[in-house]
Q: 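The structure is given below, and queries will be raised subsequently.
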Protein chains: 2
Amino acid sequence: MSPNQILQSLIAEQLVSDPNSARGRLLNEAARLFRDKGYERTTVRDLAAAVGIQSGSLFHHFRTKEEILKAVMVETIRLNTALMQAAADRAGSPRDKLRALIRTELESINGQTGEAMAVLVYEWRSLSESSRAEVLKLRDVYEGLWLSVLEELSGKGQLKADPFIVRRMLTGALSWTVTWYKPERGGLTPDGLTDQVMAMMGL
Amino acid sequence: MSPNQILQSLIAEQLVSDPNSARGRLLNEAARLFRDKGYERTTVRDLAAAVGIQSGSLFHHFRTKEEILKAVMVETIRLNTALMQAAADRAGSPRDKLRALIRTELESINGQTGEAMAVLVYEWRSLSESSRAEVLKLRDVYEGLWLSVLEELSGKGQLKADPFIVRRMLTGALSWTVTWYKPERGGLTPDGLTDQVMAMMGL
DNA sequence: GTTTACAAACCAAGCGCTTGCTTGGTATTG
DNA sequence: CAATACCAAGCAAGCGCTTGGTTTGTAAAC
């Protein structure tokens, strides 16, 4: 399944919003604003202006501002879990699976869903307790994908460090790329960056 | 020079505030609050209450709230540059120098200055343009320390990936530890964590 | 094929509260 | 007796969100 097919089937299942719908467009703009200015610095007036409506009209679609943040996070993690699953399934050896996961996560972070991924990583403090629990539950599934691959590699002696810790290091390292990696300018392609990450780990 | 001696000499040079002074205590509390709740969610009333004064009285010490954020960042980076320099100087081989840098940065992130380090890494969006430039200038010195060591390692063939990229990966990986690494509970010591990072890189 | 019905989407206005910061005055300290 | 540190009070602006009412899209009823 291509990334686009995956997105379409998730839309069909109502697990993520169609980017062309009113809701979907708002969530995209919200992700961009939340990443650029941070959740707290983004006002409901900013959000409304970004989609060309009045601030009060937002609350016809979402009960609170925080619900918008939660929706951005939940839909992002749903989409990316599906993308990662598909990428891992396509690869053969554990090493190739790891490479596929790294490559796909870099794509998520620096590609189309990049704004939303950055929000997911850096804005969790602004979530209420209950929303946080909800998001964490989804994240556990996502992290499970990584761990099973890393543990397989570790079992084969290709990984010297603890899989849990390696995953956490990779989380930090890969999400941090959003602050410096600009694929358009500068020669490094996503594939090249993936190679560098693998090389750093001696793989 | 011990870490404490370094701190004392920086205080003498007026490059960082004495933690026992009114200013120093405020900056410590500010770092903690900014990390826990984020800069935007922390009000001047929170800051004042944390040191037991009225909110208006803050502005006797700092002209604006943002100046407090800037001061936290500037003083933190000054202190840590000095600590890193000293750690690198103590080590012998390039590999040991790298280990010393990693170990020291982990200590900074997860030890006493941890709150301030987290603020430095995650709250730069809340800085004004001019403050950001000021902080970036100081950061360049700090990053220069890392790059010289990594380039030395690369020259000896002990590092397969590009030093610039490795540093950026390490920045993300190490700063991210603040979200999960709890040295008190759970057996992993700072030294053990440093070993894991080195092992991950095959060093 | 026009009319009617109704919900979804939106606007204009503004409420109540919190925010960063100011002001004028009062202790405290060397 | 000056300078430093602080308090008590509050202002102007901006915040999330509510309200009452209007427009728009859709589809059945006639």
Side-chain angles (χ1 to χ4, degrees), chain A residues 11 14 17-73 119 123-132, chain B residues 11 14 17-73 119 123-132:
Chain A
I11 292 172
Q14 306 232 40
S17 317
D18 187 337
N20 297 319
S21 71
R23 182 188 160 97
R25 260 181 291 118
L26 173 64
L27 289 182
N28 275 339
E29 291 297 326
R32 193 177 53 80
L33 284 166
F34 289 164
R35 189 197 62 171
D36 290 348
K37 322 206 305 176
Y39 172 78
E40 299 292 339
R41 290 181 92 93
T42 304
T43 69
V44 292
R45 288 165 180 82
D46 292 333
L47 292 169
V51 292
I53 59 173
Q54 290 296 105
S55 69
S57 308
L58 272 187
F59 296 89
H60 177 74
H61 301 278
F62 295 90
R63 287 211 315 277
T64 63
K65 181 188 170 190
E66 194 226 334
E67 203 172 82
I68 299 175
L69 177 61
K70 192 181 84 175
V72 168
M73 292 188 170
V119 171
E123 298 293 338
W124 56 270
R125 259 184 332 201
S126 297
L127 280 182
S128 70
E129 204 70 34
S130 65
S131 301
R132 209 177 297 179
Chain B
I11 292 171
Q14 307 231 39
S17 316
D18 187 338
N20 297 318
S21 71
R23 181 187 161 96
R25 259 181 292 117
L26 173 65
L27 289 181
N28 275 340
E29 291 297 326
R32 192 177 54 79
L33 285 166
F34 289 164
R35 189 197 63 172
D36 291 349
K37 320 207 304 176
Y39 172 78
E40 298 292 339
R41 288 181 94 93
T42 304
T43 69
V44 294
R45 287 164 179 81
D46 292 334
L47 291 168
V51 291
I53 59 174
Q54 292 295 107
S55 69
S57 308
L58 272 186
F59 297 89
H60 177 72
H61 301 280
F62 295 90
R63 288 209 316 275
T64 64
K65 181 189 171 190
E66 196 226 334
E67 202 173 83
I68 299 175
L69 177 63
K70 193 181 85 176
V72 167
M73 293 188 169
V119 171
E123 298 293 338
W124 57 269
R125 258 184 332 201
S126 297
L127 278 183
S128 69
E129 204 70 35
S130 65
S131 301
R132 208 178 297 179

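Every value quoted in this text rests on a predicted model; they were computed, and no experiment measured them. Here is how names work: the chains are called A, B, and so on, in the same order as the sequence lines, proteins then strands, and each is numbered from 1.
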Q: Identify the heavy atoms of A:G38 and B:R125 that sit nearest to each other, and give their distance.
A: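 Looking at all heavy atoms of both residues, the closest pair is CA-NH2, 3.6 Å.
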Q: Heavy-atom distance under 4.5 Å between the side chains of B:I68 and B:V44, does that happen here?
A: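 The answer is no; the side chains never approach within 4.5 Å.
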Q: Kindly check if the number of other-residue, nucleotide or ligand heavy atoms within 6.0 Å of CZ (B:R63) is above 12?
A: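 No - once you tally the heavy atoms of other residues, nucleotides and ligands closer than 6.0 Å, there are 12 at most.
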Q: May I ask you to decide if A:T43's main-chain N or O and A:D46's side chain share a donor-acceptor pair within less than 3.5 Å?
A: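 Judged by distance alone, yes, a pair lies under 3.5 Å.
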Q: In residues 50-66 of chain B, which residues come under 4.0 Å of DNA chain D by heavy atom?
A: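 By residue number: B:G52, B:I53, B:Q54, B:S57, B:H60, B:H61.
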Q: At a heavy-atom distance below 4.0 Å, which nucleotide of DNA chain D is the first touched by chain A, and which is the last?
A: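 So the contact region on DNA chain D extends D:dC15 to D:dT18.
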Q: Using heavy atoms and a sub-4.0 Å distance, could you list which residues of residues 24-43 of chain A are near DNA chain C? By number, please.
A: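 Here the set is empty: none.
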Q: So, the side chain of B:E66 versus the backbone of B:S128: is there a donor-acceptor pair under 3.5 Å, distance only?
A: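 Between the backbone of B:S128 and the side chain of B:E66 there is a qualifying donor-acceptor contact (under 3.5 Å).
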Q: Test your reading of the model: is there a side-chain donor-acceptor pair from A:R41 to the backbone of A:D36, 3.5 Å cut-off?
A: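 Not a single qualifying donor-acceptor pair exists.
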Q: How close do A:L69 and A:E123 get, heavy atom to heavy atom, and via which atoms?
A: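 Closest pair (atom of A:L69, atom of A:E123, distance): CD2-O, 4.0 Å.
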Q: If you draw the axis of the six-membered ring of B:F62, does the NZ or CZ of B:K70 fall within 45° of it and under 6.0 Å from the ring centre?
A: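 Cation-pi check for B:K70 and B:F62: fails.
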Q: Using only atom types and a distance under 3.5 Å, with no angle test, would you say the side chain of B:Y39 pairs donor to acceptor with the backbone of B:V119?
A: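 Here the side-chain-to-backbone pair does not exist.
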Q: Does the side chain of B:R32 reach to within under 4.5 Å of the side chain of B:N28, using non-hydrogen atoms?
A: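 Answer no - side chains too far apart.
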